[in-house]
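What you see is a predicted model; the values in this text were computed from it and never measured. The figures that follow rest on heavy atoms only: side chains count, while hydrogens, waters and symmetry mates do not.
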Amino acid sequence: MLLKILRYVWAAPCTAVGLSLAIILLLLGGSMRVRGGVLEVALRRGTRQLHFPISAITFGHVVLGLNEQLLTQLRTHEFVHVRQYERWGLLFFLAYPASSLWQWFVGKNPYWDNHFEVEARRLSTVPRKNRRA
């Protein structure tokens with residue numbers, strides 16, 4: 001229990017950023033729910049038509065999505081990012097872009113080859129019973 005509390009505290013500055021953005025989505029008519037200790041905030045159905053470059057994004061223990069359907073589809077992937085924030089805390093705000101910058105520097109795709117995205121894709125496709133905690 002103490003370890004769980006420490007994970008929330010360690011990721012709290014990042015979660016605060018997510019909460020600030022969540023308020024904006026809620027003011028725009030979004031909906032929210034808590035799943036597994038993570039606040040999910042979604043815009044209305046059909047928001048994908050805005051051609052926004054991302055479907056969902058995670059900040060600490062907050063996941064923001066264009067709509068509930070996309071959040072459902074991407075939940076496992078985004079929850080890997082939640083665990084990354086629990087490991088890295090505020091340093092994640094430096095580590096993630098640093099990984100993208102490195103990938104760009106070596107001629108790779110800054111998003112698809114980003115260490116954190118590679119890990120999230122890998123872990124979100126492994127059946128739950130085979131995952132390490």
Side-chain angles (χ1 to χ4, degrees):
M1 180 66 163
L2 179 60
L3 185 57
K4 187 174 186 175
I5 292 169
L6 289 174
R7 287 178 180 154
Y8 277 87
V9 170
W10 180 241
C14 306
T15 301
V17 172
L19 290 172
S20 300
L21 296 171
I23 290 170
I24 295 169
L25 294 186
L26 292 171
L27 291 173
L28 292 172
S31 62
M32 69 177 191
R33 71 176 78 192
V34 177
R35 289 193 181 267
V38 175
L39 177 66
E40 293 182 342
V41 180
L43 283 172
R44 292 187 177 153
R45 189 169 190 77
T47 307
R48 184 69 171 150
Q49 298 166 352
L50 291 176
H51 301 291
F52 199 67
I54 58 170
S55 299
I57 190 167
T58 301
F59 294 96
H61 290 91
V62 178
V63 178
L64 309 172
L66 290 180
N67 58 55
E68 289 183 24
Q69 181 183 2
L70 285 169
L71 282 179
T72 299
Q73 291 171 357
L74 298 171
R75 182 169 293 122
T76 307
H77 177 94
E78 296 304 323
F79 275 37
V80 173
H81 289 311
V82 170
R83 302 304 161 237
Q84 291 168 341
Y85 276 102
E86 289 178 347
R87 277 194 312 268
W88 288 82
L90 192 56
L91 295 173
F92 191 76
F93 281 160
L94 298 172
Y96 186 99
S99 179
S100 288
L101 185 60
W102 176 254
Q103 298 309 322
W104 175 78
F105 182 73
V106 298
K108 294 184 177 180
N109 185 290
Y111 175 76
W112 290 103
D113 295 315
N114 180 298
H115 165 76
F116 299 100
E117 292 300 332
V118 170
E119 179 182 53
R121 284 193 305 275
R122 181 176 50 82
L123 292 178
S124 64
T125 59
V126 175
R128 190 178 247 317
K129 65 181 181 179
N130 294 333
R131 279 190 220 151
R132 289 188 173 180

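Scored by the side chain to side chain contact (heavy atoms under 4.5 Å, CB included) test, Tyr8 finds Lys4, His61 as partners (sequence neighbours excluded). Partners of Ser31 according to the side chain to side chain contact (heavy atoms under 4.5 Å, CB included) rule, which considers only residues two or more places apart in sequence or in another chain, are Ala42, Glu68.
Atom CG of Leu19 is separated from atom CG of Leu26 by 10.0 Å, given to the nearest 0.5 angstrom. With rounding to the nearest 0.5 angstrom, the CG atom of Leu64 is 8.0 Å from the CD1 atom of Ile54. Residue Glu86 holds its CD atom at 8.5 Å from OG1 of Thr15, rounded to the nearest 0.5 Å. Atom CH2 of Trp10 sits about 13.5 Å away from atom OH of Tyr85, to the nearest 0.5 Å. For the atom pair CG (Asn114) and NZ (Lys108), the distance works out to 11.5 Å, reported to the nearest 0.5 Å. Here the straight-line distance linking atom CZ of Arg83 with atom CG of Leu123 works out to 11.5 Å at 0.5 Å rounding.
Both Ile57 and Leu43 belong to a common hydrophobic cluster when Ile, Leu, Val, Met, Phe, Trp and Tyr are linked at side-chain heavy-atom distances under 4.5 angstrom. Transitive grouping of hydrophobic side chains (ILVMFWY, heavy atoms separated by less than 4.5 Å) keeps Phe116 and Val38 in distinct clusters. Under the 4.5 Å side-chain contact rule for hydrophobic residues, Leu70 and Leu25 share a cluster. Under the 4.5 Å side-chain contact rule for hydrophobic residues, Trp102 and Leu91 do not share a cluster. Residues Tyr111 and Leu66 are members of one and the same hydrophobic cluster, defined by side-chain heavy-atom contacts under 4.5 angstrom among Ile, Leu, Val, Met, Phe, Trp and Tyr.
For Ala22 against Val62, the heavy-atom pair with the smallest separation is CB-CG1, 4.3 Å. Nearest heavy atoms, Leu90 versus Pro13: CD1-CB, 3.8 Å. The two atoms that bring Glu119 and Arg87 nearest to each other are OE1-NH2, 2.9 Å, heavy atoms only. Minimum heavy-atom separation, Pro110 to Trp104: CG-CB, 3.8 Å. Among all heavy-atom pairs drawn from Glu117 and Tyr96, the shortest one is OE2-OH, 2.8 Å. Nearest approach of Val118 to Trp112, heavy atoms of both residues: CG2-O, 3.4 Å.
A donor-acceptor contact shorter than 3.5 Å is absent between the side chain of Ser99 and the backbone of Ala95. Listed for the Thr76 side chain is no donor-acceptor partner under 3.5 Å among the backbone atoms of Ser124.
Looking only at atom types and distance, the side chain of Glu78 has no donor-acceptor partner in the side chain of His81 under 3.5 Å away.
Partner of Val63 under the side chain to side chain contact (heavy atoms under 4.5 Å, CB included) criterion, chosen from Leu39, Leu74, Val41, Thr58: Thr58.
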Review point. Could you go step by step and tell me if Phe93 and Phe59 meet the side-chain contact (heavy atoms from CB on, under 4.5 Å) rule?
Key: CA-CA 9 Å; Phe93 281 160; Phe59 294 96; 3.8 Å; yes
